[in-house]
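This is a predicted model, so every value here is computed, not measured. Each chain gets a letter, A, B and so on, in the order its sequence line appears, and its residues count up from 1.
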Number of protein chains: 2
Amino acid sequence: MSDEQETRRGIPDATVARLPVYLRTLSVLADAGVATVSSEELACAAGVNSAKLRKDLSHLGSYGVRGVGYDVEYLIYQVGRELGLTQDWPVAIVGIGNLGHALAGYAGFATRGFRVVALFDVDPSVVGRVVGGLLVRPLGELEQVVRSEPIAIGVVATPAGPAQGVCDRLVACGVRSVLNFAPCVLTVPDGVDVRKVDLSTELQILAYHEQRKALRRIVQQGDDAPRARVGGVAQ
Amino acid sequence: MSDEQETRRGIPDATVARLPVYLRTLSVLADAGVATVSSEELACAAGVNSAKLRKDLSHLGSYGVRGVGYDVEYLIYQVGRELGLTQDWPVAIVGIGNLGHALAGYAGFATRGFRVVALFDVDPSVVGRVVGGLLVRPLGELEQVVRSEPIAIGVVATPAGPAQGVCDRLVACGVRSVLNFAPCVLTVPDGVDVRKVDLSTELQILAYHEQRKALRRIVQQGDDAPRARVGGVAQ
DNA sequence: ACGACTTTGTGCGTTCGTTCACAAGTGCCT
DNA sequence: AGGCACTTGTGAACGAACGCACAAAGTCGT
Ligand SMILES: NC(=O)c1ccc[n+]([C@@H]2O[C@H](COP(=O)([O-])OP(=O)(O)OC[C@H]3O[C@@H](n4cnc5c(N)ncnc54)[C@H](O)[C@@H]3O)[C@@H](O)[C@H]2O)c1
Ligand SMILES: NC(=O)c1ccc[n+]([C@@H]2O[C@H](COP(=O)([O-])OP(=O)(O)OC[C@H]3O[C@@H](n4cnc5c(N)ncnc54)[C@H](O)[C@@H]3O)[C@@H](O)[C@H]2O)c1
């Protein structure tokens, strides 16, 4: 497998999704003063299989040393570079409600090359206020601001209703990466990436497994105190 | 495949992860007064392939009618039942900071069978306050409350440092499903499910693709221009 | 009653991802 | 220098998931 292939084809999605986990784990190790780490140790700390970790890292190049392991600092640099974290990515957040407030004030953004540079909302009682050190602007200024600041990533934290419209406006201004918190499917043109963070979905997946575990327990033992009350159906 | 097999073996993970999306899409259709829907229509609205949708739904049983489609209300009931949403799942949130506030006040919880029944924090300036209609309790009361209320799902919204400790205490009280917002890997015994919501990871994945798109654009800059524009392909 | 039409449910080939197992490479110790 | 202990990187087998394509099964109009 040539380097050119790797560059052209890109890294498998499943691997890309795990790189941030490795990066965070490596940072913890670095802070603890660890200089080198084996795939076994790192995999354990990251909660994955060690063969998978080695294969993942092999997509970036041969940065390990056989018989020794990986140099923590060097690997942090390489993973960060692959993820594009050596650049500074300007982020705009639209919808400064409960969630938007939390996002705007989140320190975890800045520590990894992401910089929140603009906040937007339509609510007159929110517009003009300062949240997380930034002024909340009226939605009408979106086009102007997004075009002057080179916004790379748009975060949609509005209710589901206006989400598609907001997304369309972001895309029209050249934003090609969107992080969506609204519980709806966003349709975008080719070349634009959307990722969805959906709390309800996560809870429902947990509920499925929880129900399954409860069911199995009943089948096996016949008598066990249920942890959930059977109640009214909520839509 | 027999129904018993299906019940015993469970539904593929990939399918379970999509069921909530179908459910939400169906709810929107129901609110719009749509009585029946074809797999093609529903798949389009949910943003998936129609064959995939049919295969997903086939795991629940044969609830469609050939030549017609699926009855919206009936399918909502069946999907909800499979996900365990006919039950009421008591939820506890630990860590009522920026994010915890947003979660505690989130209406989307209640509408889907999840009921936040307890909030915990260690910060004296937060403990005792009422957030989202609920009293924030000191962490010391966790064991007592989680055992008296039959908490099914624990949400960890503390910083990464105390997250594992909080998780351990929840698990020790019988909680077998945990939703983790802290940027760290939680280790739990067998039989306990953990799902992680990680904003930084999502942003980093977007950054990877963004960098890739920028790179490709540079490579192609000398060549023909037509590819540069973002096309309006409907999907 | 019947045929044309619509749509589901699924068998099957393909692609993608995971895991095993080991050869090849590296450092250390004698 | 040479053997030994350790670890990486990867070929290969396996398994999960996807999507095409189509037969079976139903509806609807006449
Ligand atoms: N709060 C949570 O814990 C949580 C969890 C999961 C998902 N969500 C989702 O995240 C989104 C935001 O949640 P929230 O709790 O912050 O809701 P919210 O109602 O508190 O905030 C929404 C904000 O968006 C603003 N807004 C409305 N229309 C807008 C528009 N067209 N352009 C710009 N801003 C607009 C509103 O003025 C408001 O400030 C919702 O879609 C919600 O379903 C929230
Ligand atoms: N705010 C965001 O947008 C955001 C986004 C992604 C991830 N996160 C993560 O979610 C977590 C919470 O974020 P936040 O912004 O709300 O942070 P925060 O500092 O505002 O809130 C943390 C809360 O946890 C409480 N806490 C600390 N130790 C505790 C313990 N042992 N037991 C119970 N409570 C404890 C603190 O008193 C505080 O109220 C963090 O791990 C953060 O990295 C936050």
Side-chain angles (χ1 to χ4, degrees), chain A residues 1-3 5-6 8-22 25-26 29 34-72 74-75 78-79 82 205 208-209, chain B residues 1-3 5-6 9-22 25-26 29 34-72 74-75 78-79 82 205 208-209 235:
Chain A
M1 181 179 312
S2 73
D3 279 348
Q5 274 285 339
E6 202 63 82
R8 214 166 277 274
R9 301 284 306 272
I11 296 174
D13 287 346
T15 295
V16 172
R18 281 187 295 267
L19 289 181
V21 179
Y22 302 155
T25 309
L26 285 166
L29 290 175
V34 178
T36 63
V37 66
S38 73
S39 63
E40 188 60 44
E41 293 164 335
L42 183 55
C44 182
V48 302
N49 180 295
S50 70
K52 182 153 62 176
L53 177 121
R54 285 198 299 276
K55 187 154 284 187
D56 283 344
L57 293 184
S58 76
H59 286 112
L60 316 189
S62 277
Y63 298 135
V65 178
R66 293 171 191 231
V68 176
Y70 300 88
D71 183 276
V72 173
Y74 186 51
L75 198 53
Q78 290 296 347
V79 174
E82 192 66 41
I205 294 171
Y208 169 80
H209 291 294
Chain B
M1 185 178 296
S2 74
D3 279 349
Q5 274 284 339
E6 202 64 83
R9 299 291 305 273
I11 295 173
D13 287 346
T15 295
V16 173
R18 282 187 294 268
L19 290 181
V21 178
Y22 302 154
T25 309
L26 285 165
L29 290 174
V34 177
T36 64
V37 67
S38 73
S39 65
E40 189 60 43
E41 294 164 333
L42 182 55
C44 183
V48 301
N49 179 293
S50 69
K52 183 153 62 177
L53 178 124
R54 286 198 298 277
K55 190 160 286 187
D56 283 344
L57 293 183
S58 76
H59 286 112
L60 317 189
S62 277
Y63 298 134
V65 179
R66 295 173 191 229
V68 177
Y70 300 88
D71 183 277
V72 173
Y74 186 51
L75 198 52
Q78 291 295 347
V79 175
E82 192 66 41
I205 294 171
Y208 169 80
H209 291 293
Q235 188 190 341

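- Between the base of C:dT26 and the side chain of A:Arg66 there is no donor-acceptor pair shorter than 3.5 Å.
- The side chain of B:Arg18 contributes an N or O atom lying less than 4.0 Å from OP1 or OP2 of D:dC18.
- Between A:Tyr70 and C:dT26 there is no side-chain N or O to OP1 or OP2 distance below 4.0 Å.
- When the nucleotides C:dG27, D:dT10, D:dA17 are ranked by their closest atom to the side chain of A:Val68, C:dG27 comes out on top.
- The nucleotide whose nearest atom lies closest to any side-chain atom of B:Arg54 is, among C:dT18, C:dT10, D:dA25, C:dT10.
- Between A:Asn49 and the phosphate of C:dC20, there is a side-chain N or O to OP1/OP2 separation shorter than 4.0 Å.
- Of the candidates D:dC18, C:dT19, D:dG26, C:dT19 carries the atom nearest the A:Lys55 side chain, counting heavy atoms from C-beta on.
- Closest-nucleotide positions on DNA chain C for A:Asp56 and B:Gly69 were compared, and the one nearer the 5' end corresponds to B:Gly69.
- The closest side-chain heavy-atom distance from B:Leu42 to B:Leu29 is below 4.5 Å.
- Comparing atom distances between the B:Val65 side chain and each of D:dG26, D:dT10, C:dG9 picks out D:dG26 as nearest.
- Nearest to the side chain of B:Ser38, among D:dG9, C:dT8, D:dG19, sits C:dT8.
- A pairwise comparison of heavy atoms in A:Ala46 and A:Val21 identifies O-CG1, 3.9 Å as the closest pair.
- Dashed line: the shortest gap from a side-chain N or O of A:Ser39 to OP1 or OP2 of D:dT7 is not under 4.0 Å.
- Of the side-chain N and O atoms in A:Lys52, one or more sit less than 4.0 angstrom from OP1 or OP2 of C:dT19.
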